[in-house]
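Right, one structure below, let's go through it.
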There are 2 protein chains.
Amino acid sequence: MAARLVEALSAAPSGVPIYKEIRRAMLARLEQGAWAPGMAIPSEAKLKQEFGVAIGTIRKAVDELVAENILIRQQGRGTFVATHNRDRLLFHFFHIERQDGHKEYPEVRMLDFERARADERCAAKLKIREGERVLRFRNVLSLEGVQLMLDEIVLPERLFPKLTEKRLRERPSTLYNLYQDEFGLSVVRTEQRLRAALAPREVARALGLAAGLPMMEIHRVAFTYNDLPVEFRVSHVDTSKHDYVGGTRR
Amino acid sequence: MAARLVEALSAAPSGVPIYKEIRRAMLARLEQGAWAPGMAIPSEAKLKQEFGVAIGTIRKAVDELVAENILIRQQGRGTFVATHNRDRLLFHFFHIERQDGHKEYPEVRMLDFERARADERCAAKLKIREGERVLRFRNVLSLEGVQLMLDEIVLPERLFPKLTEKRLRERPSTLYNLYQDEFGLSVVRTEQRLRAALAPREVARALGLAAGLPMMEIHRVAFTYNDLPVEFRVSHVDTSKHDYVGGTRR
DNA sequence: CCCAATTTGTTCGTATGTATA
DNA sequence: TTATACATACGAACAAATTGG
């Protein structure tokens with residue numbers, strides 16, 4: 001087994017560094033679920049043997065995956081596959097906080113759930129064909145008991161076979177945790193576009209707000225490992241008491 | 001000189017890795033202007049000798065500064081201090097683009113300029129005392145000839161001595177380039193909070209828009225090396241045809 | 001056009017320190 | 001205490017890109 005891997009790697013067309021190949025091999029294992037969320041991956045010493053390279057080369061591959069928040073290193077313990085727990089959601093994916101800086105985990109309530117077909121916009125965002133089957137549901141998010149955000153979420157049915165309203169309602173943790181644990185889809189990155197817009201009647205009604213209130217409209221696409229779109233989400237946020245918080249980088 | 005540096009580093013209270021100390025030493029040189037924007041820093045071989053450590057240790061320090069977009073490596077040429085040119089602005093600091101994804105550099109026109117004193121909000125954001133002297137000016141930004149954004153910019157006068165309206169108007173490049181070249185202040189990071197709001201009368205008038213239009217309001221603080229706030233900026237963006245574009249990370 | 005010098009990029013190997021179980 | 005795993009640091013060799021002669 002070890003020899004095979006080494007050959008496969010050194011047989012690469014070259015020009016591509018070994019550590020990049022190893023990074024790809026690791027991503028493949030993550031994608032296939034060979035390395036499951038929350039579990040420790042083999043130690044650097046094991047990987048060094050398995051891939052037949054120096055330990056520094058292994059570390060360089062792991063470095064990149066750690067920088068992408070895909071793996072998590074812990075000195076003395078091991079290197080782990082990142083999971084979608086509440087902390088990670090709050091830190092990396094939920095960008096709304098009170099204007100005084102207070103940040104907390106939102107309470108989520110599902111409004112409705114339906115099977116539908118992708119319109120042009122959804123198809124483009126999810127990189128699927130127009131008319132392909134999708135699941136669509138809406139969530140109301142609250143902070144400190146106050147409803148302030150409506151999420152309309154669209155998933156390609158092909159990626160989420162047999163996902164039912166019941167399973168969504170009864171999920172014990174975050175949505176992304178469900179995607180990860182039940183369907184092997186780990187969200188590792190999002191792209192989003194924000195704009196200001198007057199609250200659509202539907203949205204205002206769902207949140208119990210006056211129609212015509214200015215709201216933040218967010219279009220977000222969530223991707224898993226190989227830039228595969230997993231979810232498209234349109235959010236409307238009441239920003240009268242809360243902000244969307246961002247920074248530089250990329 | 002070399003010996004002194006080595007002593008200084010090894011005399012550190014320990015617990016702090018050498019490469020972290022070297023990173024700090026490099027940041028100090030950048031802060032003091034010993035390494036000027038756009039210029040090459042000494043080669044890794046030189047730094048290795050100067051600091052009296054292994055080349056790998058130098059590389060690890062540089063790695064971090066490269067990841068922070070403070071230094072830029074170029075194989076065969078050297079390692080350079082990042083400058084605020086238009087490309088960097090567009091890529092790292094200007095987040096507005098057309099809703100169809102088209103991205104370009106904005107045209108800037110200064111509306112007014114005044115000396116004032118920091119109110120409570122400005123003081124908090126800029127970490128200065130309330131009532132301290134500040135410079136305040138407003139810019140209208142246009143894309144493809146259409147005015148779509150009003151920036152109100154506040155600078156602590158202490159950091160920008162003798163900055164005049166004339167120099168601002170006659171700057172050849174970006175604002176951050178001016179901060180960097182004329183005042184030795186390199187913006188390396190920003191924090192921002194976004195919300196939706198109805199266009200204030202003043203803003204609508206300056207941009208030639210109808211009052212009461214929903215606009216994106218952005219509060220941004222720009223920092224230089226040691227988390228020192230350099231600029232506070234409140235922007236109002238007409239997002240009827242454009243979006244604010246963001247991503248994950250941090 | 002090629003050669004030589006310089007500089008960063010990759011890879012190897014080893015030793016030791018520190019945190020965890 | 002011991003074993004394991006990641007973190008730091010050292011040193012060396014060669015590859016790849018750039019520059020200037």
Side-chain angles (χ1 to χ4, degrees), chain A residues 2-3 5-26 35 38-82, chain B residues 2-3 5-26 35 38-82:
Chain A
L5 281 166
V6 178
E7 281 169 37
L9 291 177
S10 35
S14 182
V16 180
I18 299 175
Y19 77 90
K20 288 282 188 190
E21 294 287 349
I22 291 179
R23 175 183 175 280
R24 287 190 61 84
M26 289 178 166
W35 291 350
M39 303 309 296
I41 70 170
S43 72
E44 293 171 351
K46 293 245 181 61
L47 291 170
K48 157 189 138 84
Q49 298 213 351
E50 194 180 336
F51 286 106
V53 299
I55 198 168
T57 305
I58 297 293
R59 283 190 67 82
K60 201 156 178 178
V62 173
D63 279 345
E64 293 203 347
L65 298 177
V66 168
E68 296 173 74
N69 303 309
I70 291 172
L71 295 180
I72 297 168
R73 280 211 187 93
Q74 285 184 256
Q75 187 176 0
R77 298 225 306 137
T79 302
F80 301 83
V81 182
Chain B
L5 280 166
V6 177
E7 282 168 37
L9 291 178
S10 34
S14 181
V16 180
I18 299 175
Y19 78 90
K20 287 283 188 190
E21 295 287 351
I22 292 179
R23 175 183 176 281
R24 287 190 60 84
M26 289 178 166
W35 291 350
M39 303 309 296
I41 71 171
S43 72
E44 294 171 352
K46 295 246 179 59
L47 291 171
K48 157 189 138 84
Q49 298 216 349
E50 194 181 334
F51 286 106
V53 298
I55 198 167
T57 306
I58 297 293
R59 284 188 67 83
K60 196 153 180 180
V62 173
D63 279 345
E64 292 202 348
L65 298 176
V66 168
E68 296 173 72
N69 302 309
I70 291 173
L71 296 179
I72 297 169
R73 282 211 185 94
Q74 285 184 257
Q75 187 176 4
R77 299 227 306 139
T79 301
F80 300 83
V81 183

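Hydrogens, waters and symmetry mates play no part in the numbers below; they use all other heavy atoms, side chains included. In what follows, chains are A, B, ... by sequence order, proteins preceding strands, each numbered from 1.
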query: Taking C-beta and beyond as the side chain, do B:Gln74 and B:Phe80 meet within less than 4.5 Å on heavy atoms?
result: yes
query: In whole angstroms, how far is the C1' atom of C:dT8 from the CG atom of B:Leu65?
result: 16 Å
- prompt: Between C:dT8 atom P and B:Ile72 atom CD1, what is the distance in whole Å?
  reply: 14 Å
N/O-N/O pairs, protein side and nucleotides 3-6 of chain D side, under 3.5 Å:
| residue | atom | partner | partner atom | Å |
| --- | --- | --- | --- | --- |
| D:dC6 | OP1 | A:Thr79 | N | 3.3 |
| D:dC6 | OP1 | A:Thr79 | OG1 | 3.2 |
| D:dC6 | OP2 | A:Glu44 | N | 2.8 |

field: Any B:Tyr19 side-chain N or O less than 4.0 Å from OP1/OP2 of D:dT8
entry: yes
field: Over all atoms of both residues, closest heavy-atom pair of B:Ile41 and B:Trp35
entry: CG2-CE3, 3.6 Å
field: B:Ile58 CD1 to C:dT7 P, straight-line distance once rounded to whole Å
entry: 14 Å
- line: Looking only at heavy atoms, the pair that brings A:Ala61 and A:Ile22 closest together is CB-CG2, 3.8 Å
- prompt: Considering residues at least two apart in sequence or located in another chain, which fulfil the salt bridge (charged side-chain N to carboxylate O under 4.0 Å, His left out) criterion with A:Lys46?
  reply: none
field: Pairing annotation in dot-bracket form, given for DNA chain D with Watson-Crick or G-U pairs under 3.5 Å and | for cross-strand partners
entry: .||||||||||||||||||||
message: Please give me the minimum heavy-atom distance between B:Asn69 and B:Ala82, naming the atom from each residue.
response: O-CB, 3.5 Å
For nucleotides 10-14 of chain D, print each protein N/O atom paired with a nucleotide N/O atom at under 3.5 Å, atom names and distance only.
| residue | atom | partner | partner atom | Å |
| --- | --- | --- | --- | --- |
| D:dC10 | OP2 | B:Ala54 | N | 2.9 |
| D:dC10 | OP2 | B:Thr57 | OG1 | 2.5 |

message: Can you tell whether the side chains of B:Arg23 and B:Glu68 come within less than 4.0 Å, N to carboxylate O?
response: yes
- request: Can you sort out the partners of B:Arg73 under side-chain hydrogen bond (donor to acceptor under 3.5 Å, both in side chains), two or more places apart, ordered by chain and number?
  value: B:Asp63
task: Side-chain contact test, heavy atoms from C-beta onward, threshold under 4.5 Å: evaluate it for A:Ile72 versus A:Thr79 and give yes or no.
output: no
Rounded interatomic separation in angstrom, taking CG from B:Asp63 and C1' from D:dT8: 14 Å
- request: Could you grab the distance from atom CD1 of A:Ile70 to atom CG of A:Leu65, nearest 0.5 Å is fine?
  value: 5.5 Å
query: Does A:Lys20 reach the side chain of A:Glu64, with side-chain heavy atoms less than 4.5 Å apart?
result: yes
- prompt: Would one find a side-chain N or O of B:Lys60 under 4.0 angstrom from OP1 or OP2 of D:dT8?
  reply: yes
message: Tell me every residue that passes side-chain contact (heavy atoms from CB on, under 4.5 Å) with B:Lys48, counting only those two or more places apart in sequence or in another chain.
response: B:Ile55, B:Ile58
